[in-house]
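Below: one structure, written as structure tokens.
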Amino acid sequence: MCGLFGVRSPERYVARLTYFGLFALQHRGQESAGIAVSDEGRLTALRDMGLVTQVFDEQKLRGLRGELAIGHTRYSTTGSSQWWNAQPLVQHGSARTIALGHNGNLTNAAELRAELGELGHRSATTADTEVIAAMIANDPAPLTDAVANAMHKLDGAFSVVGLSEGKLIAFRDPRGMRPLCLGRLDRDWVVASETCALDLVGAEFEREVRPGELMVIDERVEARQVMPQDKGGALCIFEFFYLARPDSRLQGVEVHAARVRNADLVLPIPDSGTPAAIGFSRALNIPFSEGLIKNRYVGRTFIQPDQGLREQGIRLKFNPLAEVAGKRVVVVDDSIVRGNTTGQIVQMLFDAGAAEVHLRISSPPVISQCYYGIDLADPDELIAAGKTVEEVREQIGATSLAYISLGGLQASTRRPESQFCRACLTRDYPTAIPREAAKLQFEPV
Ligand code: SF4
């Protein structure tokens, strides 16, 4: 995951706009947040561990002046959840200095890192983002060509925003696996992972950055199709049913509408299961109930980095209402990944007196690993890998369990299958997959 935002505006307070853009994108990463600004070509960055509101205050924002800014909210997929991996990363090279924020995961990071090492580059982080920054910073070609050269070498998932030489840069991998869009703020330009960030800062959606496209923005937008778009593309289908905020639009489709359409029914696991539960409730004409109350100040458990935090998180996060007592409840969620959270919620509902707990999941079983920026982790941790639905049900302790079909999920996006990556559901990967792609592959031992 990770949230990206960028803005060019000589007259506006760009750091403040970026702060609000990141605030809208907080759901994409909660481990760290950062903003970099460019003031007549001079780069300053501030980044730290925590939520956007924890990292920044008025005083810190006031220290970030410039006409260009980028921001990042991080959820780690390559490199640990540590300060030195927080972004935007600032890289000084022999050709230029660049600040960079990356959403995605490179599948050839190890090879590229080794190549850079042979050229004398000493890594300061353990994140794959540094590879991209170092390639551009050390390439003597003009900026646009240097970025294009780097894009050709990268494989995997990458949506990137950057600042260098007084320009705002935005580019996307040829499959468009992670989202990135361009917006207009009067005469100024904004880029963001999702349209909800454009909405919050008052920018008009212009268009999506195309897969394989590079945008270099100063007074004007120079758009170059660096690499041909790979077939229909491979937007991560998780963006539709889990990652993106329901009020965002992806490929012109409102995410909330897609989630409601794919539901067949009444008690959601909030907030991720809510749109599907509404659809399910309407279709079967069974009353919808907010039977689980969520403490909204606790981060989403899926994107916290270790198991200890995840288990602690669930107890802080939900509380069932007394109305579930004696009822046969249908619980709707968007996915089951490891199953820990779901199992604890089922148990919590039985403890609160529910007579039966029927689970309905608005995505098919997640059976395989993601190499493109979603921390589904070890295949051994995926509850559905190598198990029948009945075995998963038994492990979770629900009365019954059913998943939406792959066809049903696909139909809800109203886009053809050829435009999506669905590899964690089908094991059909859109790129060659690395032999070794552990999250902590670049950590010192
Ligand atoms: Fe998304 Fe799954 Fe593909 Fe990863 S493997 S990009 S999570 S659809």
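On a predicted model such as this, the values are computed, not experimentally measured, just so you know. When a ligand or atom number is given, it counts from 1 through the structure's own listing order.
Between Glu394 and Lys387 no salt bridge is recorded (no basic side-chain N to carboxylate O distance below 4.0 Å).
The single protein non-hydrogen atom nearest to atom 5 (S) of ligand 1 is Cys424 N, 3.3 Å, given as residue, atom name and distance. Looking only at protein heavy atoms, the nearest one to atom 4 (Fe) of ligand 1 is Cys370 SG, 2.3 Å.
Using cut-offs of 30° and 60° on the angle between ring planes, the pair Phe20 and Phe23 is perpendicular.
Side-chain atoms of Ser272 and Asp333 include a donor-acceptor pair closer than 3.5 Å. Side-chain contact check for Thr73 and Gln30: no donor-acceptor pair (N or O, by modelled atom type) lies under 3.5 Å.
Side-chain rings of Tyr372 and Phe158 stay apart, their centers remaining 6.0 Å or farther from each other.
Note that CG of Leu243 is 11.0 Å distant from OG of Ser248, once rounded to the nearest 0.5 Å. Atom OG of residue Ser193 and atom CG of residue Leu4 lie 3.5 Å apart, to the nearest 0.5 angstrom.
At least one N/O/S atom of Cys421, whether from backbone or side chain, sits less than 2.8 Å from atom 3 (Fe) of ligand 1. Counting backbone and side-chain atoms alike, Cys236 contributes an N/O/S atom closer than 2.8 Å to atom 1 (Fe) of ligand 1.
Less than 4.0 angstrom separates some heavy atom of Ile374 from each of these atoms of ligand 1: 7 (S). Those atoms of ligand 1 with a heavy atom of Tyr372 less than 4.0 angstrom away are 6 (S). Every atom of ligand 1 with a heavy atom of Ile237 under 4.0 Å away is listed here by number and element: 8 (S). Under a 4.0 Å criterion applied to the non-hydrogen atoms of Arg422, ligand 1 contributes the atoms 8 (S).
For the ligand labelled ligand 1, residue Arg178 lies inside the 4.0 Å heavy-atom shell.
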